[in-house]
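Source: prediction; values computed, not measured.
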Amino acid sequence: MRHGETLFNKLDRIQGWADSPLTEFGESKIQTIADTLSRYNFCYAYTSDSRRAVKTCDIILAKQTHPVQQTQTKILREWYYGSNEGMTKKAFIAKIAAKVPQYDKSSRLQENFSFKDFSKVVQQIDDMNSPDNFSTIRRKLNNYFRKIAEKHSENGENNILVVSHGLSILTFLSRINDQITFQTPLKNGAVIVLEYSNNEFSLVNDDLFF
């Protein structure tokens, strides 16, 4: 599940490891989704340790009929943008356009890149040389999701909630389904239903919205 709308989402700012609170609208929408998800009886929850994800997770779990244990981890955080964290998207795009001559400013940011290409650009325009490359990001996410699935499958536990971020979620899903690309839209509060069987993940809701 992707976290609810945040202040930085509303202000159109780059929000990777930088954080901002859920807006009033964001909280309200997650409350509505929590009502729908209340029938699932989650056995356990995992969330990014970013406060926007933790708040989203807390709202969902508050509607459960029983206490649900929660693990917070930085592995589920959004991609890291280094020195560009918190920058307006307009300034971020201008910085990319200055470094990438073929960048088409008349198109949306996502329409210019694949996951791997965007990762390279993020590294290229970062003054601190700190963001991970795409392969590293996807491997960390894949390993963690698999660890979660294997642990709870062995214990006979179903319905696990995971709260993360748009690009991180799409990065993981792209390994399951090659139709998932950098251009795939994923709204705030989107719920993706996955099944884990025979050591493989599969998408249940192909529209990526519950």
Side-chain angles (χ1 to χ4, degrees), residues 1-27 30 46-57 71-145 162-175 180-190:
M1 176 180 186
R2 187 185 177 195
H3 63 79
E5 181 196 72
T6 68
L7 180 62
F8 273 17
N9 289 148
K10 196 169 183 179
L11 296 176
D12 221 20
R13 287 185 174 272
I14 297 299
Q15 186 176 223
W17 285 18
D19 213 358
S20 66
L22 298 187
T23 61
E24 184 176 341
F25 172 78
E27 286 200 28
I30 298 301
Y46 295 84
T47 177
S48 154
D49 61 0
S50 297
R51 61 175 171 168
R52 60 193 188 271
V54 172
K55 181 64 175 179
T56 298
C57 188
T71 292
Q72 301 174 14
T73 174
K74 68 179 183 180
I75 298 174
L76 292 172
R77 287 182 189 177
E78 183 59 289
W79 284 28
Y80 180 49
Y81 294 95
S83 59
N84 299 301
E85 290 281 351
M87 180 182 290
T88 64
K89 285 190 179 177
K90 183 176 180 180
F92 183 68
I93 289 172
K95 197 170 181 180
I96 291 176
K99 288 274 189 177
V100 184
Q102 68 271 27
Y103 183 82
D104 181 5
K105 288 187 284 187
S106 66
S107 301
R108 292 171 60 248
L109 174 65
Q110 290 92 333
E111 292 169 358
N112 282 269
F113 302 108
S114 65
F115 287 113
K116 188 175 290 186
D117 289 341
F118 183 66
S119 171
K120 289 177 180 176
V121 169
V122 168
Q123 290 181 304
Q124 188 180 358
I125 66 173
D126 174 47
D127 299 327
M128 301 189 301
N129 194 31
S130 51
D132 286 334
N133 62 43
F134 174 68
S135 296
T136 299
I137 296 169
R138 189 160 73 166
R139 184 177 66 253
K140 286 180 179 178
L141 287 166
N142 185 65
N143 289 346
Y144 194 70
F145 272 89
V162 179
V163 182
S164 187
H165 307 265
L167 196 48
S168 290
I169 292 171
L170 291 176
T171 298
F172 169 66
L173 293 179
S174 69
R175 190 140 194 176
I180 305 296
T181 68
F182 189 59
Q183 291 76 34
T184 302
L186 194 69
K187 297 179 181 179
N188 290 109

Validation row: Ser48, His165 side chains within 4.5 angstrom (heavy atoms): yes
When rounded to the nearest 0.5 angstrom, what is the spacing between CG in Asp117 and CZ in Phe182? 9.5 Å
Charged N to carboxylate O below 4.0 Å: is that the case for Lys90 and Asp12? no
Interatomic distance, Gln72 atom CD to Ser50 atom OG [nearest 0.5 angstrom]: 10.0 Å
Among Thr56, Leu76, Val54, whose side chain to side chain contact (heavy atoms under 4.5 Å, CB included) with Val163 holds? Thr56
Under 3.5 Å donor-acceptor, Ser83 side chain and Asp127 backbone: yes
Heavy-atom donor-acceptor pair, Thr88 side chain to Ala91 backbone, under 3.5 Å: yes
Could you tell me whether the side chains of Asn133 and Lys120 share a donor-acceptor contact shorter than 3.5 Å? no
Side-chain (Arg138) to main-chain (Phe172) donor-acceptor, under 3.5 angstrom: no
Does some side-chain heavy atom of Asp132 sit less than 4.5 Å from a side-chain heavy atom of Lys140? yes
With the threshold set at 4.0 Å, does a side-chain nitrogen-carboxylate oxygen contact exist between Asp19 and Arg52? yes
Ring-plane angle category for Tyr81 and Phe118, please: parallel below 30°, perpendicular beyond 60°, tilted otherwise. perpendicular
Dump the intermediate steps for side chain to side chain contact (heavy atoms under 4.5 Å, CB included) on Thr73 and Asp49, then the final yes or no. CA-CA 5 Å; Thr73 174; Asp49 61 0; over 6 Å; no
Evaluate side chain to side chain contact (heavy atoms under 4.5 Å, CB included) for Glu27 paired with Lys55, printing each intermediate quantity in order. CA-CA 8 Å; Glu27 286 200 28; Lys55 181 64 175 179; 3.6 Å; yes
Under the criterion side chain to side chain contact (heavy atoms under 4.5 Å, CB included), I'd like the reasoning laid out for Val100 against Val121: C-alpha separation, chi angles, the key distance, then a yes or no. CA-CA 8 Å; Val100 184; Val121 169; 4.0 Å; yes
So, taking the atom named CD1 in Ile180 and the one named CZ in Phe115, what distance separates them when rounded to the nearest 0.5 Å? 8.0 Å
Looking only at side-chain N and O atoms, does Ser168 offer a donor or acceptor that is under 3.5 Å from a partner on Glu78? yes
Looking at CG of Leu186 and CG of Leu170, how far apart are the two atoms once the value is rounded to the nearest 0.5 Å? 5.0 Å
Under the 3.5 angstrom rule, does the side chain of Glu85 hit a backbone N or O of Trp17 as a donor-acceptor pair? yes
Going through the distances and angles, do Tyr80 and Val122 end up as a side chain to side chain contact (heavy atoms under 4.5 Å, CB included)? CA-CA 9 Å; Tyr80 180 49; Val122 168; over 6 Å; no
Point-to-point distance, once rounded to the nearest 0.5 Å, from CD1 of Ile125 to CD1 of Ile96: 4.5 Å
When rounded to the nearest 0.5 angstrom, what distance separates OG in Ser174 from CD1 in Ile169? 12.5 Å
Restricting to non-hydrogen atoms, name the atom on Ile14 and the atom on Phe8 that form the minimum distance, rounded to 0.1 Å. O-CD2, 3.9 Å
Do Asp126 and Asn84 get their side chains close enough for a donor-acceptor pair, meaning under 3.5 Å? no
Using 30° and 60° as the class limits, which term best fits the ring planes of Trp79 and Phe134: parallel, tilted or perpendicular? tilted
What's the shortest heavy-atom distance between Ser130 and Gly82, and which atoms? OG-CA, 3.8 Å
Judged by modelled atom types alone, do Gln15 and Ser20 share a side-chain donor-acceptor pair under 3.5 Å? yes
Quick check: do Asn9 and His3 have side-chain heavy atoms less than 4.5 Å from each other? yes
